[in-house]
Amino acid sequence: MMRKPDCLSMGESPGLSATHPALVVEGLTKTFGWVRALNGVSVELHAGQVTAVVGDNGAGKSTLMKILAGAVRPDSGTIRIGNSECHFRDSSDALALGISAVYQDLALVNQRDIASNLFLGREPAGRFKIVVQRRRMLNESARVFAELGLRMPTMRTLVGNLSGGQRQAVAIARVIAAHGARIVLLDEPTAALGVHQSQVVLDLVRRLANSNVAVMVISHNLQHVLSVADVVYVMFRGSVVGVRKVGSTHEEELVGMIVGRTSAGNPLVSGDDLVAPGRQ
Amino acid sequence: MTHVPGGAADNRPVGDASTQAVLERQASSLHILWRTREALLLAVGIALFAAFALTAPHFLDLGNLLSIARGTVVVAIISVGMTYLIIAGELDLSVGANFGLATIVLGTLVQNYNLGDFQAMTVVLFLGALIGLINGLGVTLTGIPSLIWTLAAMFVLQSVSLLITGGYPILFSVSKAYAFIFGGRLGMVNIQIVWAIGIVVGGAWMLAGTRFGYHVYATGGNAEAAERAGINIGRIKVFCFILTGLLSSFAGVLLTGSVHSGNPTNGMGYELTVIAAVVIGGTNLFGGSGSIAGTAVGAAMLSLIGDGLVLDGISIFAQDLVTGIIIIVAVFMDIQLRQRILRFVK
Ligand SMILES: Nc1ncnc2c1ncn2[C@@H]1O[C@H](COP(=O)(O)OP(=O)(O)OP(=O)(O)O)[C@@H](O)[C@H]1O
Ligand SMILES: [Mg+2]
């Protein structure tokens with residue numbers, strides 16, 4: 001059933017390592033009608049590292065993530081995974097290559113229960129991959145939440161009946177349930193979470209990276225970013241305007257870049273653009 | 001802020017196995033409450049049944065009960081496919097025309113082209129599935145809403161039926177074997193009832209228990225989420241259309257097992273009866289939730305009403321009046337119950 005992703009090898013594979021990037025994108029552009037959401041974006045994700053992406057509303061962060069997850073097709077630019085150049089036709093291509101994503105809008109089916117959502121699209125099935133193993137699905141779902149240390153109502157609860165934070169927990173737990181992901185993309189994973197749950201998710205992000213997964217996290221919370229990330233990309237109006245190692249930057253510098261000033265305090269753009277950064 | 005690699009931070013509540021087990025048990029009772037939606041519907045059906053049993057002479061005769069069941073057969077079978085489609089977020093208004101065309105094509109092939117009845121049946125089933133395929137591809141590839149596409153398909157198929165027959169019924173004869181398999185009797189029970197029960201049970205199993213069924217729910221519940229999870233929603237919808245087309249033509253085949261004529265008016269208006277059965281059965285018209293069990297009860301209820309009214313000496317023309325009321329009552333009940341359950345969960 002599974003279609004082979006469209007990847008072209010670029011020579012012998014060096015394998016995934018901390019020194020060789022797990023995923024490289026170069027020159028991504030994307031326009032929606034008149035809106036230029038991405039304007040030549042290049043990003044590298046490394047196995048074992050947490051890469052944060054920050055930027056104001058509408059800067060293009062989610063668009064970048066959706067392209068990496070195969071949910072949106074770029075107008076131009078290249079995506080390399082390991083040593084092959086890949087073209088994603090849809091999400092299933094990205095999934096097949098071990099890219100797992102948590103979307104900002106969570107992408108859950110409200111009318112279905114927690115277990116069905118956790119295993120959406122990859123339900124455990126018997127010998128002929130036809131009959132769903134319901135019991136196994138329920139047990140494994142409960143195990144995933146226990147492992148994460150997140151209290152949830154029963155796995156048979158409809159997702160539409162959950163609180164915002166619980167829904168976010170379900171979306172994140174999907175990444176864990178899909179073990180074997182080599183690249184994990186999280187779009188504002190702590191947006192709806194309380195203090196404790198946020199810490200659980202940040203711990204999880206770190207744990208994923210420690211098990212040699214390449215993690216990308218989009219967040220507006222710079223404290224979270226500085227506590228969990230290794231590298232920070234700052235986006236402004238569809239472009240990457242700065243890349244910093246976490247050890248060599250601080251909150252004020254990031255804020256400056258996010259609102260469109262360079263670290264030296266010079267505006268990146270003309271004054272009238274600053275009125276509504278990242279929009280139009 | 002520091003992070004603790006290698007596990008969740010300590011001194012925080014952790015959902016351990018025993019509390020999880022308690023929660024699971026609570027859930028089972030909740031699950032039973034969910035099931036009450038169908039149970040309640042069944043209760044209304046039984047109330048109706050009791051009312052007719054008390055007022056209508058000969059209502060409880062075995063012969064009459066079997067005739068109610070037989071009256072349910074066609075609508076029940078087509079409703080199974082329609083339930084899949086509606087849960088997947090689509091609709092098919094061409095089922096009645098597809099059903100009618102099946103009887104006509106079968107009659108024509110047997111009568112005018114001297115094809116064997118079983119061969120003709122094979123052609124007809126293939127045609128039904130093909131109509132479903134065309135509907136499915138049309139809807140998913142053009143983006144035309146299924147309501148519009150299949151409305152057009154209904155007109156086209158009705159017209160084809162009239163063109164083939166010139167507006168007259170086609171009379172034909174079938175072999176004994178054919179008449180037995182699709183319209184015979186096992187003791188007192190018409191074999192068509194056995195076919196319908198088999199299709200309802202098989203359809204319910206496939207929807208509730210297979211990956212395909214899970215993906216049907218996901219497609220209608222949140223198409224974007226399904227797609228991002230790697231589900232090919234276009235393919236799921238096309239399969240649902242094919243299933244519905246195939247079952248419509250099979251219902252036509254069953255009819256030819258007992259009535260050896262193809263009539264261009266066969267199946268007219270069935271699309272609405274079928275949708276009524278599905279909606280009465282608690283399936284959400286906007287997709288994402290529903291069940292075959294509910295649909296089967298809905299279909300049986302519609303047949304019951306028609307039969308009971310006639311035996312009560314009330315005009316058969318009052319049937320649709322009662323049907324209309326039942327649709328409103330059933331859907332209203334459904335909404336009320338859903339809200340109750342929501343409050344119970346919170
Ligand atoms: N499907 C779409 N159709 C039209 N415009 C879109 C679409 N998706 C994104 N955009 C536009 O592209 C720009 C970038 O959007 P994007 O969602 O990537 O921003 P973001 O950085 O994730 O913002 P936020 O922090 O608010 O989530 C915005 O101007 C947005 O309106
Ligand atoms: Mg976003």
Side-chain angles (χ1 to χ4, degrees), chain A residues 2 66 69-71 90-96 101 103 105-112 116-117 119-123 125 129-132 134 138 142-143 145-158 160-161 174 196 199-200 202-207 210 223-224 226-228, chain B residues 1-10 12-17 19-28 30-31 34 87 205-206 208-215 217-233 284 286-290 338 341-346:
Chain A
M2 193 60 101
K66 285 178 190 163
D90 52 41
S91 301
S92 59
D93 278 350
L95 288 167
Y103 294 88
D105 61 13
L106 304 184
L108 299 171
V109 184
N110 287 334
Q111 299 91 330
R112 302 293 276 168
S116 304
N117 269 281
F119 288 93
L120 191 65
R122 18 168 243 93
E123 299 80 5
K129 297 235 169 279
I130 292 174
V131 184
V132 174
R134 175 83 177 146
L138 288 169
R143 198 181 48 72
F145 285 106
E147 191 182 302
L148 281 173
L150 286 171
R151 274 294 266 286
M152 291 295 281
T154 154
M155 297 299 117
R156 288 196 175 104
T157 312
L158 300 188
N161 294 347
R174 270 165 71 172
H196 160 56
Q199 192 55 47
V200 169
L202 294 179
D203 288 340
L204 165 69
V205 165
R206 202 59 247 176
R207 247 197 301 158
N210 288 348
Q223 278 171 9
H224 287 175
L226 290 171
S227 78
V228 80
Chain B
M1 240 196 255
T2 56
H3 33 74
V4 189
D10 303 325
R12 297 201 166 96
V14 169
D16 60 285
T19 50
Q20 197 62 49
V22 173
L23 285 168
E24 288 299 335
R25 240 172 291 133
Q26 285 174 356
S28 304
L30 196 72
H31 206 61
W34 245 138
I87 291 174
W205 171 79
M206 185 163 86
T210 67
R211 296 189 75 211
F212 173 68
Y214 273 66
H215 295 176
Y217 281 107
T219 299
N222 185 346
E224 200 175 21
E227 214 164 15
R228 289 180 187 171
I231 295 170
N232 188 335
I233 60 169
N284 188 329
F286 298 106
S289 67
R338 258 169 227 259
I341 290 170
L342 264 173
R343 248 175 273 136
F344 182 84
V345 168
K346 287 271 154 85

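Keep in mind that this is a model prediction, so the values were computed, not measured. Lettering of chains follows the sequences in order, A, B, ..., and the numbering in each one begins at 1.
- The line from OH of B:Tyr214 to CZ of A:Arg122 is 13.5 Å long, rounded to the nearest 0.5 Å.
- Only the side chain of A:Asp105 comes within less than 4.5 Å of a heavy atom in chain B; its backbone stays farther off.
- A distance of 7.5 Å separates CG in A:Asp90 from CG in B:Asn232, rounded to the nearest 0.5 Å.
- Using a 4.5 Å cut-off between heavy atoms, A:Arg174 contacts chain B through its side chain alone, with no backbone atom that close.
- Heavy atoms closer than 4.5 Å to chain A are found in the backbone of B:Glu227, but not in its side chain.
- For the pair A:Val109 and B:Gly221, the tightest heavy-atom approach, listed with the atom from each and the gap, is CG1-CA, 3.8 Å.
- To the nearest 0.5 Å, atom NZ of residue A:Lys129 and atom OG1 of residue B:Thr210 are 14.0 Å apart.
- Ranked by non-hydrogen atom pairs under 4.5 Å with chain B, the options A:Leu120, A:Val131, A:Asn117 are led by A:Leu120.
- The structure places CZ of B:Arg228 at 10.5 Å from CG of A:Leu108, a figure rounded to the nearest 0.5 Å.
- With rounding to the nearest 0.5 angstrom, the CG atom of A:Asn110 is 11.0 Å from the OG atom of B:Ser289.
- The cationic group of B:Arg211 does not satisfy the cation-pi geometry with A:Phe119, failing either the under 6.0 Å distance to the six-membered ring centre or the 45° limit from the ring axis.
- Distance check: A:Gln111 CD to B:Asn222 CG gives 8.0 Å after rounding to the nearest 0.5 Å.
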